[in-house]
Asks: 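Before I ask anything, let me first share the structure, which is written out below as structure tokens.
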Amino acid sequence: MHSVKVLLYIGAFVTAWSITTDGHFVPTAKNVRWVSLDFQTILTWTVEESEHTYSVLYSAGKSEDWKEVRDCTQTSESECDLTQELIPLDRDYEADIRTESHDFYGEFGMDYDFPHTNAPAFNPYKESNISALEFSLMDLNESTVIINIKHPLISVNVRQKETIKDILKFDLKYKISYYKSGSTGKREKISDSSTANVSGLDAGQIYCFMVAAFIPSRPKANQHGAWSTLQCRDGDTHLLQDLSPGAWVGIIFILITVIIIFITVAALYCRRNQQRHNNLQTSQSSVPI
Ligand SMILES: *[C@@H]1O[C@H](CO)[C@@H](O)[C@H](O)[C@H]1NC(C)=O
Ligand SMILES: *[C@@H]1O[C@H](CO)[C@@H](O)[C@H](O)[C@H]1NC(C)=O
């Protein structure tokens with residue numbers, strides 16, 4: 001009877017041990033993904049329980065060493081900023097999120113293969129999203145505008161303030177999308193320079209423009225930055241010439257109405273003044289001096 005009990009205990013222990021080491025009872029990081037904008041790169045994940053901590057390791061490629069991220073060691077957060085680590089930018093980085101527990105160290109020592117989740121490989125240079133650019137619009141003449149594109153500063157913590165142009169250099173091109181107001185056809189122009197001319201516009205027409213960073217050296221899905229806000233060039237506003245006869249009738253009607261109201265108000269005001277004047281005179285004359 002005693003030996004059966006012992007066997008049962010051993011069985012239970014082995015089962016529990018194998019389940020634990022299989023990772024069934026250990027919450028590993030789920031939904032691991034990279035979020036990267038203007039080369040600021042964060043690894044995010046979700047966790048089921050909070051009693052474990054997580055450590056993030058990364059390597060700069062298949063045959064490179066794994067390094068710990070100091071700020072993301074035994075963290076209870078569910079994100080890790082790797083912006084400072086992923087340098088140089090143009091590498092296929094790998095990352096791993098390890099579930100940690102003090103029990104593991106106690107029972108299995110440092111060599112224990114921790115339950116972990118691998119992140120998909122990520123290359124910041126090729127995959128970081130690019131935010132919308134700003135630009136100014138200037139008429140050169142009636143058929144040409146000059147578009148001047150600005151690169152906002154990216155403040156990447158410790159790294160020097162840079163713009164995406166400092167990072168992407170000649171890989172950075174610009175896509176300009178424009179259309180004539182009232183028509184549905186859009187035209188596109190790609191510019192190597194942040195100052196671009198768009199010519200061949202119809203004189204006197206309103207045109208609207210948008211710009212985006214464009215990086216043709218990247219894989220298709222990552223070539224486009226976000227589109228800027230729309231800016232329109234004013235057409236010639238020969239407003240009075242372009243008015244329809246109906247509009248003229250409307251304008252004349254409104255003018256006449258305004259004049260009538262003005263005359264009426266003025267007349268009323270004069271009459272009231274006149275009356276008051278008269279009243280004053282009568283009241284004065286009735287007082288004996
Ligand atoms: C880039 O933006 C797209 C669209 O918003 C998003 O689906 C993708 O996850 C982003 N990629 C990164 C690396 O942040
Ligand atoms: C407008 O300027 C462009 C660029 O300088 C020039 O090529 C074009 O001939 C000009 N058009 C007119 C109508 O002046």
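Just follow the structure's listing: the first ligand is 1, and inside any ligand the first atom is 1. Side chains included, hydrogens not; waters and symmetry mates left out as well; all remaining heavy atoms used.
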Asks: Protein heavy-atom contact under 4.0 Å for atom 4 (C) of ligand 1?
Replies: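 Within 4.0 Å: no protein heavy atom nearby.
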Asks: Under 4.5 Å between any side-chain heavy atoms of V145 and L140, yes or no?
Replies: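 Of all side-chain heavy-atom pairs linking L140 with V145, none is under 4.5 Å.
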Asks: Right, does atom 7 (O) of ligand 2 have protein non-hydrogen atoms nearer than 4.0 Å?
Replies: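 Under 4.0 Å from atom 7 (O) of ligand 2, zero protein heavy atoms found.
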Asks: Taking C-beta and beyond as the side chain, do W45 and V47 meet within less than 4.5 Å on heavy atoms?
Replies: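 Side chain of W45 against side chain of V47, heavy atoms only: contact under 4.5 Å found.
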Asks: With respect to N141, determine whether any N or O atom, backbone or side chain, lies less than 3.5 Å from an N or O atom of ligand 2.
Replies: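 Such a contact does occur with ligand 2.
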Asks: Taking N123 for the side chain and K126 for the main chain, is one N or O donor matched with an acceptor at less than 3.5 Å?
Replies: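 Indeed, once roles are kept as given, a pair shorter than 3.5 Å links the two residues.
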Asks: Number the atoms of ligand 1 from 1 as they appear, then name those within less than 4.0 Å of a heavy atom of W34, with their elements.
Replies: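 It comes down to these atoms of ligand 1: 12 (C), 13 (C), 14 (O).
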Asks: Does some side-chain heavy atom of I252 sit less than 4.5 Å from a side-chain heavy atom of I256?
Replies: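 Yes, side chains in contact.
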Asks: Look at ligand 2 and say whether S143 reaches it with a heavy atom at a distance under 4.0 Å.
Replies: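 Right, S143 reaches ligand 2.
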Asks: Protein heavy atoms near atom 14 (O) of ligand 1, is at least one of them under 4.0 angstrom away?
Replies: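 Under the 4.0 Å cut-off, atom 14 (O) of ligand 1 does have protein heavy-atom neighbours.
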Asks: Are F209 and Y178 close enough that their ring centers fall under 6.0 Å?
Replies: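 Yes, close enough.
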Asks: Please write down residue, atom name and distance for the protein heavy atom closest to atom 9 (O) of ligand 1.
Replies: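 Its nearest protein heavy-atom neighbour is R33 NH1, 3.8 Å.
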Asks: In ligand 1, which numbered atoms sit nearer than 4.0 Å to a non-hydrogen atom of N129?
Replies: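 Taking each heavy atom of N129 in turn, ligand 1 has 1 (C), 2 (O), 3 (C), 8 (C), 10 (C), 11 (N), 12 (C), 14 (O) under 4.0 Å.
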